[in-house]
Amino acid sequence: MNMITEFLTYPFIQRAFLASLMVGVLCPFVGNFVVLRRMSFFSDAISHSAFAGIAVGALLGIDLSLSSLIVAILVSILIAFLSEKTSLSHDTVIGIAFSGAIASGMLVIGKLKGYRVDIFSYLFGDILAITYTDLLFLFIISLLSIVILLFFSKPLLQITFNRDLARVEGINVRLFEYLLFFIIAVVVTVSLKIIGIILVTSLLIVPAAAAKNLASSMKHLFSLSCVFGLVSGIIGLIASVYLNTASGPTIVLVSIGIFFLTMLKRQRLT
Amino acid sequence: MNALSVENLCVKADNRHLIENITFSVEEGRIIAIIGPNGAGKTTLIKAILGLIPYSPGSVLLFGHSMKHANSRSGVGYVPQKLEFDRTFPLTVSELLAFTVPPIYSFPFIRRKGEKKHISELLEIVGVQELEDRSIGSLSGGELQRVMIAKAIVNDPKILFLDEPASGVDIEGQERFYDLVKRLNKEKGLTVILISHDLNVVYRFADSVLCMNRRLICTGRPAEALTDEVIKTVYGEMMGAYIHSCHEHD
Ligand SMILES: Nc1ncnc2c1ncn2[C@@H]1O[C@H](COP(=O)(O)OP(=O)(O)OP(=O)(O)O)[C@@H](O)[C@H]1O
Ligand SMILES: [Mg+2]
């Protein structure tokens with residue numbers, strides 16, 4: 001315990017703590033929609049598009065967070081647009097966008113001169129390298145996303161439950177779906193720096209899936225998923241400091257541990 | 001005024017007509033029953049009217065407005081034939097009904113006290129107030145159907161589309177439901193479009209009947225439109241005898 005209190009006096013650890021608290025709530029909150037709508041593949045495609053954005057940003061010499069955000073949003077809109085306007089299945093469209101993003105990202109990175117550490121910190125995430133600006137940005141995005149999702153929770157959940165009923169009730173289904181895709185794209189991208197491209201989808205879906213194992217109401221689902229996310233964030237970060245492991249994977253493994261515990265409980269219930 | 005007018009409505013899938021040239025209108029405050037054999041296109045017709053599937057050519061006016069304007073949709077209640085949803089969806093009955101209770105755009109933690117009361121009242125009307133906190137996935141078919149009926153009338157609709165609403169509902173529930181529909185129709189002038197295979201229900205509740213099998217076969221008052229001839233062409237020889245017994249009840 002002493003070691004933890006000692007560690008907590010370091011500013012970079014404090015920032016890491018705040019960051020893991022915020023993504024611990026934000027990712028599962030948004031992740032509930034991803035799980036209920038079975039969109040984990042979409043969220044994966046978005047994080048990998050962000051990778052292409054990072055590569056392009058590095059090539060053009062612009063801010064990597066900004067370039068990744070722009071590309072991620074563009075790709076999410078493209079996916080939504082193509083699945084709506086063509087007869088291709090949603091799955092196929094995402095698969096193509098996914099491979100296109102990775103391939104172009106790798107191509108661009110190959111053209112860059114020298115080894116870029118900052119790019120690889122996005123791949124695996126680096127919670128200990130978070131700056132105050134990153135924290136502020138993360139805080140604003142978290143607050144805005146959660147407020148918007150809560151304010152529009154009725155129509156968003158209604159279209160998730162059944163699109164036809166939502167449409168008959170006068171809800172603009174397409175508009176809300178675009179809004180949701182947009183928010184997922186933003187949340188995935190801002191979480192990249194902390195958790196990494198490869199694992200960001202896990203933090204979105206694992207705590208939400210664990211909560212879904214136990215919940216029988218929306219209220220339960222949303223509160224439990226955030227609790228699980230928070231617990232994974234805190235325990236994962238502490239464990240990673242103790243064990244000297246990478247924080248992103250440690251946090252995700254803790255959440256998977258929680259998931260298996262909820263599975264046991266679920267098995268006993270049924 | 002006509003609550004609903006449908007003109008030359010055609011719905012195609014893979015170059016095959018699912019429904020063809022359907023034209024009819026419903027006056028405000030009337031109950032119209034749509035009948036026809038399985039696969040006749042009844043569900044397709046209602047979905048096209050509600051704008052859930054595309055049609056061409058054809059035109060649909062609800063209270064004089066095209067359904068393409070989203071705001072003309074408010075005031076519409078719909079009970080689908082079969083609700084497609086994920087049984088593991090963690091959602092309680094009252095949460096489902098709350099989606100429809102205005103204000104639609106609001107923070108869930110600022111729940112108006114009225115909302116809860118409104119929901120209990122609705123559930124009491126359809127006779128399932130004890131289901132309020134049950135999860136949707138755990139309901140029986142008939143219980144779910146009653147909840148869907150409650151959901152369709154949350155906002156005092158002006159027109160109600162019911163696609164075999166009482167299928168799977170027990171006799172008590174059916175009586176309760178059709179009494180409710182009749183009461184709303186009498187007291188509030190609710191217009192009802194009802195798909196049913198139960199000709200007894202059609203005779204008792206409908207002001208008029210529309211008989212279809214891909215195309216329109218006939219429309220009119222039930223007792224007049226449903227001649228032996230029509231019943232035989234729609235349902236086959238077997239039904240002739242059944243229909244006589246219905247007439248005698250009248
Ligand atoms: N999306 C679709 N693509 C192709 N064919 C379809 C589609 N939806 C329905 N059909 C076909 O349209 C026809 C009419 O179906 P519909 O569900 O409207 O019949 P119905 O009159 O409601 O029958 P039931 O009494 O069984 O409910 C059926 O032959 C069905 O196979
Ligand atoms: Mg049908």
Side-chain angles (χ1 to χ4, degrees), chain A residues 29 31-39 84-85 87 143 146-176 179 208-226 262-263 266 269-270, chain B residues 43 46-47 49-53 62 67 69-86 88-111 115 132-138 148 151-152 154-155 157 159-161 163:
Chain A
F29 194 91
N32 287 319
F33 289 95
V34 177
V35 168
L36 290 174
R37 299 179 61 99
R38 301 162 197 265
M39 286 170 67
E84 192 188 315
K85 298 287 174 197
S87 58
L143 198 67
I146 291 178
V147 164
I148 293 173
L149 290 177
L150 278 176
F151 190 71
F152 295 116
S153 56
K154 280 187 187 181
L156 285 171
L157 291 171
Q158 166 97 311
I159 60 180
T160 301
F161 180 71
N162 186 294
R163 294 176 100 214
D164 279 0
L165 284 178
R167 275 165 80 177
V168 171
E169 286 174 19
I171 293 167
N172 190 334
V173 172
R174 193 196 298 163
L175 184 75
F176 280 108
L179 175 72
K212 188 164 172 264
N213 277 341
L214 303 185
S216 58
S217 69
M218 282 291 132
K219 214 167 124 193
H220 264 145
L221 178 76
F222 278 83
S223 39
L224 264 182
S225 63
C226 292
T262 62
M263 279 300 282
R266 191 188 170 83
L269 286 180
T270 53
Chain B
T43 299
I46 281 199
K47 283 191 171 175
I49 291 172
L50 291 173
L52 299 176
I53 52 174
L62 263 180
M67 273 300 278
H69 302 291
N71 59 359
S72 62
R73 280 185 198 147
S74 48
V76 176
Y78 172 45
V79 178
Q81 180 171 18
K82 192 168 174 296
L83 186 70
E84 307 282 349
F85 75 102
D86 173 4
T88 67
F89 208 98
L91 180 72
T92 64
V93 167
S94 61
E95 283 174 329
L96 175 67
L97 294 186
F99 289 163
T100 318
V101 179
I104 297 296
Y105 308 130
S106 65
F107 292 105
F109 41 84
I110 323 177
R111 274 282 157 75
E115 181 170 300
E132 206 166 329
D133 295 319
R134 281 269 296 279
S135 87
I136 286 288
S138 74
M148 293 316 295
K151 186 170 164 62
V154 167
N155 285 330
I159 186 164
L160 205 50
F161 290 85
D163 194 346

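Side chains are part of it too, since the values below use all heavy atoms of this structure and drop only hydrogens, waters and symmetry mates. Chain naming here is simple, since letters A, B, ... match the order of the sequence lines and numbering starts at 1 in each. Everything numeric in this text was worked out from a predicted model, so none of it was measured.
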Chemist: If you measure from CG on Asp164(A) to CG on Leu50(B), what distance do you get to the nearest 0.5 Å?
Modeler: 9.0 Å
Chemist: Using non-hydrogen atoms only, which part of Ser94(B) is less than 4.5 Å away from chain A: side chain, backbone, both, or neither?
Modeler: neither
Chemist: Looking at every heavy atom in both Phe161(A) and Leu91(B), which two are closest together, and how far apart are they?
Modeler: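 Nearest pair, atom of Phe161(A) first, then Leu91(B): CD1-CD2, 3.7 Å.
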Chemist: In terms of heavy-atom pairs under 4.5 Å, which option from Val35(A), Asn172(A), Asn162(A) contacts chain B the most?
Modeler: Asn162(A)
Chemist: For a quick test of reading the model, state the closest non-hydrogen atom pair linking Leu157(A) to Phe89(B) and the distance between them.
Modeler: O-CZ, 4.4 Å
Chemist: Which residue out of Thr92(B), Ile136(B), Thr100(B), Val154(B) racks up the most heavy-atom pairs below 4.5 Å with chain A?
Modeler: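 Counting heavy-atom pairs under 4.5 Å, the top option is Thr100(B).
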Chemist: Heavy-atom distance under 4.5 Å to chain B: side chain of Arg163(A), backbone, both or neither?
Modeler: neither
Chemist: Which bit of Val147(A) comes within less than 4.5 Å of chain B, counting heavy atoms only: side chain, backbone, both or neither?
Modeler: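 Contact with chain B is through both the backbone and side chain of Val147(A).
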Chemist: Under 4.5 Å heavy-atom distance to chain B, tell me which part of Leu150(A) shows up: side chain, backbone, both or neither.
Modeler: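 Contact with chain B: backbone and side chain both.
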Chemist: With heavy-atom distances below 4.5 Å as the criterion, would you say the side chains of Pro90(B) and Leu36(A) are in contact?
Modeler: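 Yes, close enough: below the 4.5 Å cut-off.
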Chemist: Show the nearest heavy-atom pair for residues Lys154(A) and Val101(B), with the distance to one decimal.
Modeler: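 So the minimum-distance heavy-atom pair works out to NZ-O, 2.6 Å.
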Chemist: Tell me, please, which residues at least two apart from Pro155(A) pass side chain to side chain contact (heavy atoms under 4.5 Å, CB included).
Modeler: Phe152(A), Ile171(A), Phe176(A), Ile104(B), Tyr105(B)
Chemist: Is the NZ atom of Lys47(B) crowded by more than 12 outside heavy atoms at less than 6.0 Å?
Modeler: no
Chemist: Going from OG on Ser153(A) to CZ on Phe99(B), what distance comes out if it is rounded to the nearest 0.5 angstrom?
Modeler: 7.5 Å
Chemist: Please enumerate all residues that pass salt bridge (charged side-chain N to carboxylate O under 4.0 Å, His left out) together with Lys151(B), with sequence neighbours excluded.
Modeler: Glu169(A)
